Each structure stands twice: as structure tokens, then as C-alpha cells.
Amino acid sequence: MTASSARSYPYQQPDLPVAQRIADLLGRMTLEEKIDQLHQSSIGDTNPNNLAQRTEEFRATDGSFIMGGPPTVLATRNAFQKRAMEASRLGIPAVFGSDVIHGYRAITPLPLAQACSWNPALVQRGCAMAAEEAKAHGIDWTFAPMVDHCVDARWGRIAETFGESPYAASVYSAASVRGFQGENFGGPGSVAACLKHYVGYGASEGGRDYVYTEISSQTLWEMHLPPFEAGVRAGARTVMSAFNDLNGTPTSANPYTLTEILRKRWGLTGPVVSDWAAVAQLINQGFAADEAEATEKALKAGVDIDMADGLYRKCDVALVASGRLPLTLIDDAVRRVLRLKFELGIFEHPYTETSALSAAAPNPAQLALAEELAARSLVLLKNDGVLPFVASLSQVERVAPNALKGISDQPSALGAMRSTCRDKTVRRIALIGPLAVNSAALLGCWCQQGQAAETPSIADALKERLPSGIALRVEAGCSLAGAPTDDFSLAIAAAQEADLVILCVGEDGLMSGENASRSTLRLAGRQEELVQAIAATGRPVVLVIVSGRPLELHAFEGKMAAIIALWAGGSRAAAALADVLLGRRNPSGRLAVTWPRTVGQIPLYHNMRPRARLGDEGAYRDIATTPLYEFAHGLSYTTFSYSPIRLDQTEVSETGKITAEVTVTNTGAREGVETVFWFIRDPAASITRPLKDLKYFEQTSLAPGASRVFRFEIEPQRDLSFPDGDGRRILEPGEIILMTGDRRASFLVVR
Ligand code: NOJ
């Protein structure tokens, strides 16, 4: 009799406390069965014809699986699970993990793009939507969010980060965990989150992937650990150890980060899974002589589950027998895996039933959320006034009701719109560039079940939305990679006959993400030549950048009339873009990452520490020291003004509170969303502090002429202290400078 055919054992009784069920089950398991729980297999490709045979390739006792992206995900889960439940002695269900990073079938923008929305509530809803869809397909566990800190756009995985502010990444980390896991962990629409890649992976030397990272212990605590701590505190059930060697001790065998910090100080109760073959790679990194030593070091440091390389399964029995690995270590790791499974509810509900969500293409509600996120994530980097463009006075009248919503003096605002329109009526548009017609690129890396065929390209969206009377000519101009057959002539001809050019350049999905480092941020192939050739026509050019990272625009930025970072904005990126171009939406995205002028400026980030010499001493001699676009830069179709900062006191004690306020007014002619960023600078401290450090942000929509008071309630311990090299918080008396918009104020912290 297999265990699943009768509910006789205590571990099979849902009404018993989880700890009791774990203890009962653990007591029944053989050493081999325990070790199998610590093993994770990758399923790879399945199809309806090979499914039965594929399940036989794995053990019925395998603890967890990585689900790839086959169209038969749900059937695959159920077939593999049936084997776990029915062909194993104890009927322990397997857990199915997958990289659900930015959407499942309805694809939301890349995380770096989402971070530019400064709207954690929306990001949380995006994660909840992805979780619901993934769960309906049989996924229990997502390998997300990625909360690595990175200031080097050469590293392809910057696309998966939430940008360069540890504070912002912490806010997004917690929001993502709440979105993926939901309020009721294991309930409908809830999948387990996995904070990755723990830790320091984003400090890759030279932007290369999988390499050594050198991070001072203080910087580790200041920049890299906070988003992980925020995610653990928000309830993330699991963490993934990383590939990088951290200061000589690889992070998949690092007792300080994995056990001392993660378990002892932060109290993570769920399992740590290694990244793909990271245990075996300890040998390549020169940290283990052989597979047995790699296994021993990883397990002892705190890696519970071994992803993909099978080393635990291969080595653990002998290591326990020889006394190199205590059995209690294995038991502790297995307990954590079993706890995850019990809390996910998969002992009671091992299978996934077909539902509306598992069968269909994305529904309108999902697409609407993806579109909202795409619109909020795109960043208007430059605009000389060419945007939004309108076709004719009749179009102005048509969009007016929306654009004038909330405006008190509607007649004069309408008058302003009419006269702008007379100046820039557009009748012929040339849509140029290899990204104009490329749907797949909009989905970006890690796009799961996202389908290019279901994703409108920029050309599709413009054709659908352009008012009648505007002619659209579409010419790719060149390929992305650069081919000898690239021929700009049709694109140049299209530009010459147009009133406005929309030029779409950048990257496809595979050019950023894992294993996608680049030594240059210049446009790939002959795209830069194309941009120069189109600029030479003298027509106004709106440059649209599709990418997973900031790209180098230095050589031609001055020639562009407007520039939009669309990123890989997901399933509805093109629709969101078209609405922004046409003025149906007012852009509000602000950069979550500093945009350098050239690759040689890297690293360049807002929270750098001050230089020894002031002015231009020490600056580059061949280029400005400033970035092309600062962190938090982003334009709107309206304007905002900031009042002076008001402080309720001039001094605050270490345990007190001080409140700062600023009144923000929409001084333009249309409604717009403004994000208020509060930065601090501590000008003299026992450990040098950043020039500018983001501490809080808040966002609101303001009608023209409307004002709102934004408040930052500063708690010195939380907002003004900083960590030392072992994570102890230091708060010192002295001056603090506060900055928001173009305003500054200062106050004193006193004992
Ligand atoms: C390797 C990647 O680094 C990681 O992010 C991902 O979750 C795993 N592979 C599983 O696909």
C-alpha cells in the first residue's frame, strides 16, 4: 500500500500542527529519502507524447522540480506529481518552481522598468497577477523577486534588479513578496517567493557574469543586504544563494551570510536553494577540491536544496556515513523543505485542476494591468516640446475631455492645446528602426509563457490608435545584430517625407538578463549609424529605446527632439507607448538607475561617496562627470513646483521624530502624477556617507493648479542611522541635510 491511499499517519492529517506533522514524517524517512528532498531536478522539455516516459526519468522521491516553459506545464505538474504521490513509499508531494519574474502569460515590464514607476502597490498587483496565473498552471514557487544591487549596466542582469537605491529595492522587495505570496500563504493565487541572488551577485567585476565580487563588509550591509532583509521581514519563504565568490568565500558556501545573517539574525525559517549548479561550481571557483567537499561546504554553510547538479544526492550518504556531515544537519534542512510543502498546502492539494486561467490567453483585466504598469514604467527622458503630438484640431477636441479632466480653467487650457496643435500638426509619420516591428523584444528576458504573437508591436499599436488622416510608413532600416544587407535608403526616404519620425532602437530580450554581459552600451549592429542618418534628414525625431538597461546615447542625444525609455515593457508596452505619444496618457516614470553618458563612466550612481577634492579636480578630462540623466529623472507633460521645505523643529533627539513637509503644485496645463523623493546627506560621520541617499518616496496625481502637502516623518534610528561592517546601526549627532525636488533644508540630531 502506498501512503497516499490511506490517511492513517499523523503527517497526513491536516488538522495536526505542522511541527508535529514534520516530526512524524521525518521519523519515517530513510536517509536516502531525506536527501532526495534536498535535491532539485530540472524537468526540461515535455510534450503530450513524451510525458509518461519523461516522468520515469526522475525519482518519485525527488523533492522539487524546476519547470521550464513547455506549453504543457499543468499536465507536466500533474503527471510528475502523480508519480510522487503514488509511486513513492511515503507519498511526499513534490514542489514545482519556475522563474516567474515579470508576469506569466500576461507580461509586465522588466523589474528595472517597474522600479521606474515608483508605484509599489502597482508592482505588488503585477506580482499577484503573475502568481495567480502561474499557480493556475501548477507552479507553487517562483524564483523571484531578484533584489540584487547593481550599478553597472554592462551586467545583463541589471534588467532584473529594482535599480540602484537599496531603499527603493527594499520597498519593491517587500511589495513583490506580498504580491507573490498573498495574504493567505498557500491559498488561491499564492506562490512561495524566493529572494535572489543572495548576496552581492550584482557587484560583478567589469559587469561580467558569474565572477568574483569584492565588496567591503560595510558596503555589503549598506547596499546589498537591505532588500533581502526587507523581503525576509515581509515573509518571503525561501532564498536563493548566488553564484558569486564574495571576498573569497562563495555565496553558496558562506556561513556568515547564510547562517549567521539569514537564519540567526533575520530568522528565515524556510529553505535556501542554491542557484543552478552553484554547489558544483564551488570546484570551478577553487573553493572545493571535489564534489564531496563542495557538498559538505554548501550544506554546512546553510544551502538546503541543491539545484540541478545532483551533488547532494551523489555525496550525502557517504558524507554522513564517514561522519563528515552530521545527520542533524540533513534533518534540519529536510524539516525546512517539509515545512514549505505543508504550508503550501500541497499535501492536501497535490494536483492542479484546469481552470479558466490555465486554459486561456491573457484576459482583458490582466492586459489592462500590464498596460498600466507599462505606461507607468516608461520614462520620458527628453522632450523639446514635440510630444505629445497631435494630428489635427479635431483630434484636440476629441482628446480634450480626458486631457482637461480636473482642470479648473478649462477654456484657457483648451485654447493652449489648440494653439500648440497649430504649431505642430503631424500628417505623416515615419516609424523607423528594428524595434518598430519586433513584438518579442518588448517581452524582454525571462518572459515565461509570454507570446510574441499575442503582443502588439509598436507599429501595430500605432496603426490601431493613430487618428484617421495621419499616414504611417514603417521601415526597419536595419537589423538588430547588424547584417551586410542592412540598407538605410528606404528608412531615410520615409524620414524625408515625414513630419515626424519615431525611431525605435535598442535590444531584444536575449541581450539582457542572465549571461548577457556587454562590454559596451552602444547600440548594437548598425543602429547608431541609422540614428545618425535619420537625424541628418533634419526631421524631428522621437527616439524610443527598447532595452533592459541604460544604453549609450551620448553621440546623438543632442539631435533628438524627444527620447523615451520604453524598456522591455511587456505585453502591452506598445499600446502604452502609443497613448503617451498621442497625449492620451501623461508619462510619470522616473529613472530608478543613473543613466551614464558613456560606458567609461561606470560605475556612476546617485549614492556615491564624496570625493577628496572639490570642483572639477579629479574629474574626467574627456567628458563631463555628470550622468546623461540623473537617478529619479523623468519628464511629464505638465510641470510641478516645490515650496521650501518646512520642518517642525530644528533639532531632533535620537529617539524623537521630526517632520518635514513640502507643498507640491501642478503648474502646467494637464493632470499629472508626481513622485516626491526625499534624500538625505550626512555631511560628517564616523563612516563616510553618500552624497545623496534616498530615504522615502511618495506619489500622487495632481490636477492642474492643484497642490498637495507631502510629509516625511523622520525617525532618526530608522532613517538616519547607517550600518557598520557587521550590521550594527550607528546614529550620530550632527547636521543632516534634507533634499526634495530643488529644495534643501537642514536640521540637527542631538543626544
Ligand atoms: C539561474 C539563474 O541565475 C536564476 O536566477 C534562476 O532562478 C535559475 N537559473 C533557475 O532557472
Side-chain angles (χ1 to χ4, degrees), residues 39-45 62-70 73 76 94-104 110-112 127 130-131 134 137 139-150 155-162 169 173 176-177 180 191-204 207-211 213 227-228 231 236-246 250-252 270-282 284-285 298 303-311 444-450 509-510 512-517 548:
H39 170 82
Q40 184 166 93
S41 291
S42 171
I43 294 179
D45 283 339
D62 274 351
S64 55
F65 291 99
I66 306 180
M67 190 72 87
V73 172
T76 303
V95 61
F96 295 83
S98 194
D99 291 283
V100 183
I101 309 296
H102 55 116
Y104 191 71
L110 288 169
L112 181 60
C127 293
H137 284 81
I139 308 296
D140 310 295
W141 183 16
T142 177
F143 300 127
M146 163 161 159
V147 296
D148 291 313
H149 175 70
C150 167
W155 192 51
R157 305 202 81 168
I158 196 171
E160 302 171 61
T161 72
F162 287 122
S173 170
S176 307
V177 168
F180 285 129
V191 298
C194 183
L195 301 165
K196 71 183 187 184
H197 309 82
Y198 189 71
V199 57
Y201 179 36
S204 278
R208 292 177 288 269
D209 214 347
Y210 313 126
V211 299
T213 55
F228 288 94
R237 286 305 202 278
T238 74
V239 169
M240 184 185 292
S241 68
F243 291 129
N244 57 305
D245 175 350
L246 174 63
T251 46
S252 285
V272 170
V273 60
S274 76
D275 203 345
W276 187 284
V279 178
Q281 290 165 18
L282 295 172
N284 301 345
Q285 288 170 312
V303 174
D304 302 310
I305 302 175
D306 173 22
M307 183 190 281
D309 61 30
L311 253 56
C445 55
W446 299 111
C447 61
Q448 268 289 349
Q449 307 279 324
L510 294 177
S512 56
E514 187 181 354
N515 202 5
S517 299

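Every value quoted in this text rests on a predicted model; they were computed, and no experiment measured them. Start at 1 and go down the list; that is how both ligands and their atoms are numbered. These numbers come from the heavy atoms of this one structure, side chains and all, not from hydrogens, waters or symmetry mates. Residue numbers start at 1 and run along the sequence shown.
Residues that satisfy the side chain to side chain donor-acceptor pair (under 3.5 Å) test with Ser517, not counting sequence neighbours, are absent from this structure. Scored by the side chain to side chain donor-acceptor pair (under 3.5 Å) test, His39 finds Ser41, Arg313 as partners (sequence neighbours excluded). Cys194 meets the side chain to side chain contact (heavy atoms under 4.5 Å, CB included) test with Trp141, Phe143, Thr238, Met240, Val273; sequence neighbours excluded.
Closest heavy-atom contact between Ser173 and Pro227: OG-O, 2.8 Å.
Remark: of the listed residues Asp99, Asp148, Asp275, Asp99 is the sole one forming a side-chain hydrogen bond (donor to acceptor under 3.5 Å, both in side chains) with Lys196.
The closest side-chain donor-acceptor pair between Tyr210 and Gln285, if any, does not fall under 3.5 angstrom.
Ligand 1 lies under 4.0 Å from heavy atoms of Asp99, Phe143, Arg157, Lys196, His197, Met240, Phe243, Asp275, Trp276, Met307, Glu514.
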